[in-house]
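So you know, we letter chains A, B, ... as the sequences are listed, proteins then strands, and number each from 1. Any value given below was found using the heavy atoms of this structure, including those in side chains, with hydrogens, waters and symmetry copies removed. Since the structure is predicted, the reported quantities are computational estimates derived from the model, not experimental observations.
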2 protein chains.
Amino acid sequence: MPRISAVDRRAALVRAAVRVVAREGVAAATTRVIVAEAGMSLASFHYAFTSRDELMVELINAVVDGEESAFAPALQPAEGGVTMRDVVRAGLQSFFDAVRADPDREKAMFELTQWALREPGFEPLARRQYDRYFAVAESALTAAAALTGSEWRRPTAEIARMLVTLTDGLTIAWLVTRDDAAAATTMDFAADASGMLGYISLSDA
Amino acid sequence: MPRISAVDRRAALVRAAVRVVAREGVAAATTRVIVAEAGMSLASFHYAFTSRDELMVELINAVVDGEESAFAPALQPAEGGVTMRDVVRAGLQSFFDAVRADPDREKAMFELTQWALREPGFEPLARRQYDRYFAVAESALTAAAALTGSEWRRPTAEIARMLVTLTDGLTIAWLVTRDDAAAATTMDFAADASGMLGYISLSDA
DNA sequence: GTCTATAAAGTGATAGAC
DNA sequence: GTCTATCACTTTATAGAC
């Protein structure tokens, strides 16, 4: 094999590990499976990382940093006026479409959270993961307000947390039941509720 | 060791496994750890069960069947009239109090769901688990309607699913952040939303 | 029935040749 | 740097003495 710098090797191993975790789960992501995915020898793993836990830290940080807004497609400027209720509904649909498009990824994200919650000393990684979720949700809420000319009546951080609560619950229930119709009903309900409780239009202010 | 019937041994092993899974997680619940918890030899395990997977099936069925309504304390008849909004809020609080009282149990329930979702052929167990959650939620909603003299405007099965979505999301976020105040805000929001959208009082009907 | 002992396969990590 | 070979340990499961 060609000589690869330690940093490149680390990056390649993390990318391989991400694929393995999504495809086969955290428990199956052993060092041997990961190096096979990366096309390396087992010894190369421990040349790049001192331990499997060290890779796991880098892995979680990588997927968390790479987390992008699944709500974005619904937040494009549209012709004519658009209601907050409809933007929230469309944003939830965008999120849900992303879940349906790659269920293994979502399963993996939950598994990583729970792995971090169990592994002594790794709880901060789970916190970081959720801080990122909250931040992504909050910026989507801010964009939605700008798009509709409204203002959130409660602190956006508070509503963001509610939104993450909702998307987590929605995702788990769907991963278990695969019931698209039930998911749609949940999203309708949530959009109606957010419309009634969460914001005021600027013209009302 | 005294002679124990196979069925008794199975039951004892399942009870031991439940404790181990709650305390140390699914991944740490090896046959050795489980038999140690039950005070048996390793060979006794395979006398009672043909495989670890067979125990896992029985384990999940046991915790799912034993699932009781965490909403119940809030559904006791009270003096004077009580609004649906307040019953929902109190029910969520009862649920949340149970989570706070035994976080390891909740962590274990999520882990078991995800284990079943990953293990080939075990998805039906995860379905069963959520069917039970939905049923528990639905009966709580029916009891709440009776208590307040109201009627749900949508099918209770639909609202039950929303309720489970909410409690799942609430639980995960709290397990990660341990933020009681944020959880309270989420519950307030959810109670307000359910009050505005989900039911009609019988006097309106 | 219940045990000890062990098989067979997997794990993370390392030594040492090249 | 990169490899093969291996260590020390753990896993599920079983054989066979009692």
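Across the protein-nucleic acid pair, A/I34 atom CD1 and C/dT11 atom P stand 11 Å apart, rounded to whole Å. Rounded to whole Å, the distance from CZ on A/R3 to C1' on D/dC3 is 11 Å. Straight-line distance from the CG atom of B/D8 to the P atom of C/dG1: 12 Å, rounded to whole Å.
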Give every pair of a protein N or O atom and an N or O atom of nucleotides 13-18 of chain C that lie under 3.5 Å apart, one pair per line with the distance.
| unit_1 | atom_1 | unit_2 | atom_2 | d |
| --- | --- | --- | --- | --- |
| C/dA13 | OP2 | A/R52 | N | 2.9 |

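Here the OG-CG distance, from B/S94 to B/D97, works out to 6.0 Å after rounding to the nearest 0.5 Å. Taking CD1 of A/I159 as the start and CG of A/L163 as the end, the distance is 9.5 Å to the nearest 0.5 Å.
Residues A/E111 and B/F110 are not in side-chain contact: their nearest non-hydrogen atoms beyond the backbone lie 4.5 Å or more apart. Two residues are said to be in side-chain contact when any heavy atoms from C-beta on lie closer than 4.5 Å; A/L125 and A/V57 meet this criterion.
Applying the salt bridge (Lys or Arg N to Asp or Glu O under 4.0 Å) criterion to B/E123, with sequence neighbours excluded, gives no partner residue.
Between B/T30 and A/S5, it is A/S5 whose nearest contact on DNA chain D lies nearer the 5' terminus. Of the two residues contacting DNA chain D, namely B/A29 and A/S41, the nearest-nucleotide position lying further toward the 5' end is that of A/S41.
OP1 or OP2 of D/dT2 has not a single side-chain nitrogen or oxygen of A/S44 nearer than 4.0 Å. Taking side-chain N and O atoms only, A/R9 has a distance below 4.0 Å to OP1 or OP2 of D/dT2.
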_Walk me through whether A/Y130 and A/D168 qualify under side-chain hydrogen bond (donor to acceptor under 3.5 Å, both in side chains)._
CA-CA 11 Å; A/Y130 272 73; A/D168 265 5; 2.7 Å; yes
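Between the side chains of B/Q93 and B/R89, at least one donor-acceptor pair of N or O atoms lies under 3.5 Å. In this structure, a donor-acceptor pair under 3.5 Å is absent between the side chains of A/T171 and A/E106.
Taken residue by residue, residues 14-28 of chain A places no heavy atom nearer than 4.0 Å to DNA chain D.
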